Amino acid sequence: MTMAPQIVSLKEPMGPLPREFAAIMRPELPSLLEEIGTEIRRSVPDCAEVLDGPYGRGIRVCVDQILTTFVDQVADAGVPTARRDDLCRRLGRAAARLGRSLDSVYSSFQLGARLALRHAKKAGKRYSLSPSLMLMFADALFAYVDDITALAREGYLQAQAEAALGEQLENDRRRLLRLILAGPSAPRARVTELAERTRWPLPDEVTLVALSADPQLTRDSLDSDALADLTDPQPHMLLPGPFDEARRADLEPALAGSPAVIGLTVPLDDAGDSLRWARQTLQLVHSGVIQDGPLVDCETHLVTLWLLTDPALTEQMARRQLAPLTDLTESQRERLIETLRAWLATRGNAVEMADLLHLHPQTVRYRMRNLERVFGSRRLSDPDQRFATESVLRALRLRENATVLPLPRGPRRPV
């Protein structure tokens, strides 16, 4: 059976709280901790959201340590407070990082003190403690709140100062990124100055990454040596050196499924080209031409990028190279384009074409005569014309997953 703590000479106490008072308060701590959490959720909306979030467990540990240290100090005025001090500063830093006001922290501390005083009064009645002792307890408690409030404020202001420095550093790094992307036309002295100020060693080679609008990224989720502009309408970042597997393993989870394209690794002066190609590839990803996500390597799609970089020019080439098909019906055009693709792929071997098209060789030869009549044998045999036609047909095939390229139309005639 647990015996009630023996309180000696507490009728008219003088000076500091008697050490025996700690024995009365310590059993109250678990229920007091729960009550503080419940009341903060109800009375301090700013803190309620944080308590139920990822910081909730850490805050509970902090409050528990604050309460325990107060009771420990009653038992022994010389008890170390380093852990409590550190946790209070962390609490202030967390409030600053989360964009909460110091007032919300102060309100939580004051609420906790009022609840602690309520528990102490109940205990005082049970043990018939004198009013002067309870008044002394209240004075000690609110003096303690002043101490922890000052510690939280210290952490809060420190976090704000660090954030201001971090914001300035990030602004300078964005300026550096813009200058690098400007290429050789950017003042070299200015590039060097900003690189030194931001402690970013200028590399020989860089890799640019094009990100989707509103990327699911924060600066904290990126490598510290990355230069990034996540606020740009076309977000992007620059990484020193090649994009290796370690960077891929870090970036893929941070993207949370949002498509991004890794540009080519190029010399520093060519960074703008790498970003341009990466952005063009990203457009093809969004249009459905390229399906290789969410982290796409531009390097594996260079032919596609080359063929589809300028859709208007591709359409003009298609109009010219396929102009002989203008007057045919849609089904006639499709048949001859299918035959033309097979002819280009097999270099005109009728047997191989028949196997590719799943047709009888005689049918293939009939179609080839139609092709020669429509295009002219001379045009089909010309290397430059053949290359241009094959490029157009490859571009058309690539675009089938997105917008179909319209072919020239005209009066229909039989084939």
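None of these values were measured; they are calculated from a predicted model.
- There is a side-chain donor-acceptor pair under 3.5 Å between Asn171 and Arg174.
- A salt bridge (charged side-chain N to carboxylate O under 4.0 Å, His left out) check over residues 68-77, counting only residues at least two apart or in different chains, returns the pairs Arg26-Asp72.
- Under the 3.5 Å distance criterion, the side-chain polar atoms of Ser185 are matched with a main-chain donor or acceptor of Ala182.
- Annotation: the span from Arg178 atom CZ to Leu194 atom CG amounts to 10.0 Å, rounded to 0.5 Å.
- Within a 6.0 Å sphere centred on CZ of Arg126, heavy atoms belonging to other residues, nucleotides or ligands number more than 12.
- For Arg19, the CZ atom is loosely surrounded, since the number of other residues' heavy atoms within 6.0 Å does not exceed 12.
- The number of heavy-atom neighbours closer than 6.0 Å to CZ of Arg153, taken from other residues, nucleotides and ligands shown, is 12 or below.
- Side-chain contact check for Val63 versus Leu33: some heavy-atom pair is nearer than 4.5 Å.
- Side chain to side chain, Arg83 and Gln65 meet the donor-acceptor criterion of an N or O pair below 3.5 Å.
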Just distance, no hydrogens or angles: give the donor-acceptor pairs under 3.5 Å from side chains in residues 232-243, sequence neighbours left out.
{"residue": "Asp232", "atom": "OD1", "partner": "Gln234", "partner atom": "N", "Å": "2.7"}
{"residue": "His236", "atom": "ND1", "partner": "Gln234", "partner atom": "O", "Å": "2.9"}
{"residue": "His236", "atom": "ND1", "partner": "Arg279", "partner atom": "NH2", "Å": "3.1"}

For Leu211 and Leu282: C-alpha separation, side-chain torsions, deciding distance, then whether side chain to side chain contact (heavy atoms under 4.5 Å, CB included) applies. CA-CA 8 Å; Leu211 303 167; Leu282 185 59; 5.8 Å; no
Just do the side chain to side chain contact (heavy atoms under 4.5 Å, CB included) check on Leu67 and Ile36 with the steps written out, would you? CA-CA 11 Å; Leu67 297 175; Ile36 287 174; 4.1 Å; yes
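- Under the salt bridge (Lys or Arg N to Asp or Glu O under 4.0 Å) criterion, Arg276 pairs with Asp273, not counting sequence neighbours.
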Can you check salt bridge (charged side-chain N to carboxylate O under 4.0 Å, His left out) on Glu390 and Arg394, steps first, answer last? CA-CA 6 Å; Glu390 185 170 8; Arg394 282 178 177 266; 3.7 Å; yes
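- In Arg89, the CZ atom is crowded: over 12 heavy atoms of neighbouring residues, nucleotides or ligands sit closer than 6.0 Å.
- Side-chain N or O atoms of Asp223 include none that pairs as donor or acceptor with a backbone N or O of Ala226 at under 3.5 Å.
- Here the side chains of Pro80 and Thr69 are not in contact, with every heavy-atom distance at 4.5 Å or above.
- Residue pairs satisfying the salt bridge (charged side-chain N to carboxylate O under 4.0 Å, His left out) criterion with at least one member in residues 129-138, sequence neighbours excluded, are absent.
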Could you walk me through whether Glu245 and Arg248 pass the salt bridge (charged side-chain N to carboxylate O under 4.0 Å, His left out) check? CA-CA 5 Å; Glu245 289 306 311; Arg248 184 181 299 275; 3.7 Å; yes
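- For Arg173, the side chain to side chain contact (heavy atoms under 4.5 Å, CB included) partners two or more places apart in sequence, or in a different chain, are Leu169, Thr198, Trp200, Arg219, Leu227.
- Under the 4.5 Å side-chain criterion, counting only non-hydrogen atoms from C-beta, Val206 is not in contact with Asp270.
- Expressed to the nearest 0.5 Å, how far CG of Leu275 lies from CD of Gln280 amounts to 10.0 Å.
- Taking a cutoff of 4.0 Å between a charged side-chain nitrogen and a carboxylate oxygen, Arg90 and Asp86 qualify as a salt bridge.
- How far CE of Met25 is from CG of Leu17: 10.0 Å, rounded to the nearest 0.5 Å.
- The closest donor-acceptor contact from the side chain of Ser212 to the backbone of Ser258 lies at 3.5 Å or more, if one exists at all.
- Scanning for salt bridge (Lys or Arg N to Asp or Glu O under 4.0 Å) contacts around Arg188 gives Asp269, with sequence neighbours left out.
- Using a 4.0 Å cut-off between charged side-chain N and carboxylate O, Glu170 and Arg175 make no salt bridge.
- By the salt bridge (Lys or Arg N to Asp or Glu O under 4.0 Å) test, Glu39 pairs with Arg42, sequence neighbours left out.
- Using a 4.0 Å cut-off between a side-chain N of Lys or Arg and a carboxylate O of Asp or Glu, Glu193 and Arg197 qualify as a salt bridge.
- Nearest heavy atom pair, residue Leu177 against residue Ala228, reads CD2-C, 3.9 Å.
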Please tabulate, for the side chains in residues 112-124, all donor-acceptor contacts under 3.5 angstrom to protein atoms that are two or more places apart in sequence or on a different chain.
{"residue": "Arg118", "atom": "NH1", "partner": "Glu35", "partner atom": "OE2", "Å": "2.9"}
{"residue": "His119", "atom": "ND1", "partner": "Glu28", "partner atom": "OE1", "Å": "3.0"}
{"residue": "His119", "atom": "NE2", "partner": "Glu35", "partner atom": "OE1", "Å": "2.6"}

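- In this structure the side chain of Pro267 never reaches within 4.5 angstrom of the side chain of Asp204, judged on heavy atoms.
- Here the CD1-OG1 distance, from Ile262 to Thr281, works out to 11.0 Å after rounding to the nearest 0.5 Å.
- Side chain of Arg100 to main chain of Ala96: no donor-acceptor pair is present (N/O by atom type, distance under 3.5 Å, no hydrogens or angles).
- A heavy-atom distance below 4.5 Å is found between the side chains of Met134 and Leu129.
- For the pair Tyr156 and Arg93, the minimum side-chain heavy-atom distance is 4.5 Å or more.
- From Ile290, atom CD1 reaches atom OG1 of Thr300 across 7.5 Å, with rounding to the nearest 0.5 Å.
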Would you check, one step at a time, whether the test salt bridge (charged side-chain N to carboxylate O under 4.0 Å, His left out) holds for Arg247 with Asp225? CA-CA 11 Å; Arg247 288 201 188 273; Asp225 61 350; 2.7 Å; yes
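- Side-chain atoms of Thr329 and Gln332 form a donor-acceptor pair, as typed in the model, at a separation below 3.5 Å.
- Applying the salt bridge (charged side-chain N to carboxylate O under 4.0 Å, His left out) rule to pairs touching residues 258-267 yields nothing, sequence neighbours excluded.
- Within the structure, ring pair (Phe, Tyr, Trp, His ring centres under 6.0 Å) pairs that include any residue of residues 63-105 comprise Phe70-Phe137, Phe70-Tyr144 (at least two apart or interchain).
- Within the 4.5 Å cutoff, no side-chain heavy atoms of Thr309 are placed close to those of Trp277.
- Checked by atom type and distance alone, the side chain of Thr363 never pairs as donor or acceptor with a backbone atom of Leu359 at under 3.5 Å.
- For the 3.5 Å distance criterion, the side chains of Thr389 and Gln321 qualify, holding a donor opposite an acceptor.
- Atom CD of Glu252 sits in a crowded spot, with more than 12 heavy atoms from other residues, nucleotides or ligands closer than 6.0 Å.
- Residues passing the side chain to side chain contact (heavy atoms under 4.5 Å, CB included) test with Ala150: none are found, sequence neighbours excluded.
- Distance CD/Glu205 to CG/Leu264: 11.0 Å, rounded to 0.5 Å.
- Within the structure, salt bridge (charged side-chain N to carboxylate O under 4.0 Å, His left out) pairs that include any residue of residues 133-151 do not occur (at least two apart or interchain).
- Judged by distance alone, with hydrogens and angles left aside, the side-chain atoms of Thr314 form no donor-acceptor pair with the main-chain N or O of Leu308 at under 3.5 Å.
- Thr192 has its side chain within reach of Leu202: a pair of non-hydrogen atoms, C-beta onward, lies under 4.5 Å apart.
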